[in-house]
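These notes are about the structure you will find just below.
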Amino acid sequence: MNKPQPQLAPPPIRSSSRWNSLTRSPHFVYVLIAPLFLILLAYVIYPFFQTFRQSLQLDGGFSLQNYSRFFSLEHTANLEALWTSVYISVLSVITCGIVGVAMAFLLERYEFPGRKLLSVLVLVPMALPPLIGVLSFEFLYGSSGIIPRGLQHLLHLDKPPFTLKGIWGVLVVHTFTMYTYFYMTASSAIKGLDPSLEEAAANLGANRFTIWRRVILPMLTPAIVAASLLVFMISMASYTAPLIFGIERTMTMQIYLSRTNGDLDMAATQSTLLSVVSILFLILMRWYQGARNYQNMSKGVSVHRTEVKSKAGRNTAMVLSFLGVLVLMLPILVIVLLAFSEDGKWTTQVLPPSYTLDHFKDLFTDSKTWRPIANSFKISIAATIGNLLFGVAAAYAIVRMNFKGKTLLDILIMLPWALPGTVVAVNLITAFSEPNAFSFGQVLIGSFWILPLAYFVRHLPLIFRSTSSTLMQTDRSVEEAARNLGASWWYTFRRVVFPMALSGILAGTLLALVEGIGEFVASILLYTNKTTPISVEIFQRMYAFEFGTACAYGVLQIVMIILVLYVSRRLTGGNAGSAI
Amino acid sequence: MIGVTLDRVSKTFGGAKGVEEVDVHINPGEFFTFLGPSGCGKTTTLRMIAGFYYPSDGRILFGEHNVTNMPPNKRNTGMVFQNYALFPHMTVFENIAFGLQVRKQGKAEINEKVTRAQKLVHLDGYGQRRIDQLSGGQQQRVALARALVIEPNILLLDEPLSNLDAKLREETRQEIKRLQLELGITTIYVTHDQSEAMSMSDRIMVMKDGVVQQIGTPHEIYNRPVNRFVASFIGESNLWEGTVERLEGGMVDVRLAPDLRLTGLAKNASPECKLAVGQKVTLSVRPEAVREAAASERGEANTMAVKVLLSEFTGISVNYMAQAGPLSVKAMFVGQGHRMRERDEEVLFTVAPDSIYFLE
Amino acid sequence: MIGVTLDRVSKTFGGAKGVEEVDVHINPGEFFTFLGPSGCGKTTTLRMIAGFYYPSDGRILFGEHNVTNMPPNKRNTGMVFQNYALFPHMTVFENIAFGLQVRKQGKAEINEKVTRAQKLVHLDGYGQRRIDQLSGGQQQRVALARALVIEPNILLLDEPLSNLDAKLREETRQEIKRLQLELGITTIYVTHDQSEAMSMSDRIMVMKDGVVQQIGTPHEIYNRPVNRFVASFIGESNLWEGTVERLEGGMVDVRLAPDLRLTGLAKNASPECKLAVGQKVTLSVRPEAVREAAASERGEANTMAVKVLLSEFTGISVNYMAQAGPLSVKAMFVGQGHRMRERDEEVLFTVAPDSIYFLE
Amino acid sequence: GGGDKEQAASGEAGGDKGSQKLVIYTARDKNVVEQILPKFEEQNPDIDVEVMTMGAQQIMERVRGEKANPQADFWWGGTQSSFITAANEGLLESYKPSYADSIPAEYKDEQDRWYGEMLLPEVIMYNSEAVKKEDAPKDWDDLLDPKWKDQILIRGVMASGTMRTIYDAMIYRQDPANPEKGYEWLKKLDANTKEYTQDPTQLYLKLARQEGKLSLWNLQDILIQKELQKQPFDYIYPTSGAPILVDGVGIIKGAKNLDAAKKFFDFIFDEGQLKEKADKLFQIPTRTDIDKSQFPDWYKNLDTKPLDLDWTVLADKEKEWMQYWDENIKGKGGK
Ligand SMILES: Nc1ncnc2c1ncn2[C@@H]1O[C@H](COP(=O)(O)OP(=O)(O)OP(=O)(O)O)[C@@H](O)[C@H]1O
Ligand SMILES: Nc1ncnc2c1ncn2[C@@H]1O[C@H](COP(=O)(O)OP(=O)(O)OP(=O)(O)O)[C@@H](O)[C@H]1O
Ligand SMILES: [Mg+2]
Ligand SMILES: [Mg+2]
């Protein structure tokens, strides 16, 4: 296709064939995006349609009665739950946003010794194993937790000075476990930000604060919107954290109750409304984001970032990021502590009184220990590869192509994320327990492939979101330049689009991979003995009250994830594809 | 060699109009320039030729072939973008080599061609620099080298020299011209520099607000503009309004003010201008056509006494803004022979009849 | 009004040098221009003044005040960036209003000022446009308006007009000049357009490879360049080497070729050039100082017969590249009076003694 | 798939022997499974057993989802109410074992779709390090004593079938016809409750760490914690009697290995097994035809006095009562 042309020959124009006239039609784009919709049809619409249909069905007929039951003012539990879920989610978005963006800023904007290490460690809370992870907050901040008890002893108080309870508890847990969405997307956006914009603002007299408020934050909008959507929806679907801190009136709890009571119609209605709220939030965010342009518009490539930085600022950044990372790592450290302490011995003391290596001995002498770890990695990698292909393609389509139905595409991608994991898993079980076209005539249930599929569906938005926010930032004329130089679409994608969006793609990939390694809610409903993932293994050890061993297992998981993070950082040279 | 035809091409952006009914045939191997004020639609037109915008209306042909919907990478055009559009994640070398790599040329060949291109834009030794370590002008030169090195059929240059100094611009201009002649590349050039356009182009298209005003050789455009806009846009021009008083023997007398009458040649009239006694016409006189008259010439035909309002030395010339009764007169004197006048001095100016041009 | 002093300022980037020992005092209210080839360090110097780079060495003073380490937002400078650096997420209006909002001005006042600034750069009605809906030149104008509207103490303009057409550039130039005079703003201007530099500047600093070559008024720089680089960089110049043959009565005879001798005035020599018989010197002659001689003048002093190599019509002038024995001669003829010659024709050129300048 | 090699390597599938398979979903914990399974496999070497451990609710979800193509054969362990729900949804297969008659009617399904395997008396639990046996509350009503304010920890009620049953029983105990009295009682209990914990693990951890001193919990788990995990827990059997829950088993409808499932069914109700489970796992069997004297001491000394409850009323009212509790009582008792 790209053979060198004799210089004086006419341009290499093939006579038009039917194929050519097809590819040149303005509607050809629909052919290109069709595979995306097909995948969504197979793995989102088809499995989830049942839920929505069920919510509208009553005794075989079509009825809105479930909805009127939901909104009836007699029993306000549902409405209260909805309200609680929404406001917890909004608050979570805010707290996660503050922590995530602040950490991204400290670690991206200042160069100081140890920065590289910290920027790996800051991602580690993402690796918090789901079941023991939440417990570690109790051990830290609960009324018998290390910090309240420590303070009590230190200050000789009768009672612990504070304990983590209620909404605050939920917010703390959400913040600690979800800020990484903000951190990841924001740090890749900060890397890609045109430094000359800050210079321009400074030159016009804006101080640091104003620059942040008026230039940097607005320019991070795509990244912040992406993370907000992820955090909002996952908070809406959050189950354990509210439960632990006694906020039981949440949507997820209502769904759980309806399901235990066998009231499946109501559960479907509640699930539908949960996703409707999430989708409304999505539409709101899309509208907000769509009002402005975030593409770097500068002529040429801006010179390297402003070097004028005060020593004091640098040192403050160093101290702050060190403290920040330490605080964020505390829950992890507690798990490590528990993994080394004897079960049942730690009662009224501030710290565990006796330590042991037994839990690790158990693990390392048990030949089956590594099976779940290998399983989790296998499943997660398989799912992440799928997410990568799909997410990048979808992000490219939404940001760069012109077609109708973008919002629909976006909604469909987000849908599985907006629903509680149980609902997703149950839908998949229902859809794939019998052979059908979308499962290539296989029974997926009970096979290895149902788990990667579930992870794929559940983590659909991760790579998609972070990639599209990075793409939104990069100047599309660079792509045009490549095309102009004769590069085919695929070549352009490989040599230009991909490297320039790499930081966002990588952020999403890591999120998806790590989420996959920790996934529990869907796994427990889909695993088989041959495909037991780490999280289920940990659950079973907890279920057998081998708490210390469960923690040791958690530590193993964390170590593996740190290795993944470290290796990925090495492979991409730290600041992968900083486009500017 | 291949020609480019824009067949009544229009482009609108939502409501806003970009360009309207551009209809032009660019000959194979021609050096064709788009000229017009900022925002008149030059880039838009160029981008349609490159294939980044679909025309809202009309067709684009390369030779006989309709390329209106052909994807950009099939067009074999080389473009210098107004904003450069360099690949920020590649070095200078990689940027320039990109198009050659796409064409699957051999490593040695690429190396050699890129090195040559780097030399051409005076960037030898910068191959391994990152793009963000270059000055603005250096970036522009990378963009230029990147487009030239692939030796395309059609070269689209969107203000490719705007950030270069005169010396370098001159050299690069000659280089572009040489390549164009040697390889028979059809070149479409966007510039805001009229003199550049004049000296390089085979033909020029003057646009305004998305509408084509005139297409012609530099001589035609300069000496026979079709309307006031072209006259004033291409170089400086004095535009004076007056009434035809006499029309005789190919000579036209026009009264500009009660005590000021100029005589010109009837053949120097734009096609749209009908000369007739009593008719209002516009006279266009280039500042450099205004000469200083000796004191002895006072009162002679086409001579006027003016008062200097502003004088300015530009190096090669002295420019005046002056007042002759109700008329404001721009004049330009080149060379050493002229004593520079100060504000409020009185001078005698004269205009040769054959340097007066009549517009509607 | 405030002056700017660069006190032996240097800047290196890692190994690469940006600028070296720039030592200059810019007077309060002065219009000062940095001129030099692409990559010579103009932007780097400007960025140090704005506060985006720390000098590797030396100090920067505003008035008496050492600002070397002052953060950029405290400096009250207004800068037009070479790459515009517009805020892509804001509209045209918001971009221009930014500096005023930072200065906490009232809403009505901001509205009024921004509207005025928009008008000034001919963007009235574009207030609500997004930046990505503007043409390149329109973007540049927004950048300009944004810097001008805050009426800073010091205006730093990095090629602010490079993407505008001549008409608009002219107007904008006058507007900048007017603002500068009215408000007494100290203006530092970077341009690659020599004639622009000449016509606007109070003084010009010529740089090359990060080193200052000459600082002086446009006249000085043009007519008394200190070295070959300045002579050839500022406008076109013929640079001929020869040997002094005679030095008498303020007149210098220089032999350029066995059959070619030119006579000039001894006072027209650069400070660094010592005239003495037998000394090798370089003669600098501006193309526009070359005149056509009548046939009758053949053989007279300073007259030479040349063969045309290249002729070019630029609108206001006809330019020649010609050959006189071993010398290549550039000449420029302005105005109607000249008949354009073709390649290989022979012409007689002459150079007035007082337009010959001697360089080392 | 990537799983095939594994199968062969681990030798778990062993399909080539032509042997049977048996897939069990269980909510029993690992100790129980590891206790019983090897024995079953010893007896039935040709049956290849695969056990998947998960929560009762998760079993329910799985079985429901897989209805069209069941993956499991046997459901081992779950509350009476979840078995009733599952049976009503048509998820369970009828199977009448030979000893069916020795199990009282209230501990089994009339259509034989599930059978109670063991009984779980719900009793008062306390931290034996923090509270002396003689100080501990003796009966349900003692829990309302203000001296226990903020000393009671309760496993999250709504999410736990066990807890819901206890709470329903408390209402029923006051007056099944007029729940208001029961609500009053629960309100007072709520006033003394410090916290509702998310899951059993939390409950044990917090109780061990003396965040609270009392709880309500089932006898078997208390004993397991006390004896096997050496936790400082003990129990009081309320004098007025305890609600006794049934933990059941069932065969899944459409089970692919029906024979093996039936074998397993019979196996766990085997007399020897029941004794051993009582011995090692503190289980109280539902079968009434076994001589009590062969059982361990803890069981011999236990007087499993049930509260007098009508389970149909309970099942009927549960949703209404619990919803009321959730909306109007929970967390509001202190005010
Ligand atoms: N970050 C950097 N790292 C290394 N070299 C740099 C860097 N920035 C600029 N330079 C080099 O410093 C020199 C001066 O650059 P500067 O931008 O000041 O040039 P300039 O005079 O503004 O040129 P132009 O007219 O092309 O804009 C150039 O050769 C450039 O390549
Ligand atoms: N995406 C867009 N949406 C709306 N209007 C646009 C868009 N792009 C360009 N325009 C408008 O179309 C007109 C033509 O733009 P174009 O870029 O072709 O101008 P130009 O001739 O290249 O000007 P310049 O010399 O300033 O680069 C301008 O008025 C511009 O504002
Ligand atoms: Mg343009
Ligand atoms: Mg520059």
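All chains are named by letter (A, B, ...) in the order of the sequence lines, taking the proteins before the strands, and each is independently numbered beginning at 1.
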Shorter than 4.5 Å, heavy atoms on both sides: which option in [options] has the most such pairs with chain C?
options	value
B:Ser195, B:Pro37, B:Cys40	B:Pro37
B:Gly39, B:Gly41, B:Ala197	B:Gly39
B:Leu168, B:Asn319, B:Leu164	B:Leu164
B:Gly18, B:Pro287, B:Gly137, B:Ala352	B:Gly137

Point to revise | Interatomic distance, C:Glu312 atom CD to B:Met200 atom CE [nearest 0.5 angstrom] | key: 9.0 Å
Point to revise | Gap separating the CG atom of B:Asn163 from the CG atom of C:Asn83, nearest 0.5 angstrom | key: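 Rounded to the nearest 0.5 Å, the CG-CG separation comes to 10.0 Å.
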When you measure from the side chain of [X] to the backbone N and O of [Y], does any donor-acceptor pair fall under 3.5 Å?
X	Y	result
C:Asp165	B:Gly36	no
C:Lys167	B:Ser232	yes
B:His192	C:Ser162	yes

**Study point:** Region of C:Arg169 that comes under 4.5 Å of a non-hydrogen atom in chain B
**Key:** side chain
Point to revise | Under 4.5 Å from a heavy atom of chain C, the part of B:Ala16 involved | key: side chain
Check your understanding: How far apart are the closest heavy atoms of C:Ser38 and B:Arg141, and which atoms are they?
Key -> OG-NH2, 2.6 Å
Study note, to complete from the structure: Pair count under 4.5 Å, heavy atoms only, with chain B: among C:Gln138, C:Glu170, C:Glu159, C:His219, highest is C:His219
Exercise for review: Just give me the residue among C:Gln139, C:His122, C:Gln194 that pairs up with chain B most often, heavy atom to heavy atom, under 4.5 Å.
Suggested key: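 Heavy-atom pairs under 4.5 Å are most numerous for C:Gln194.
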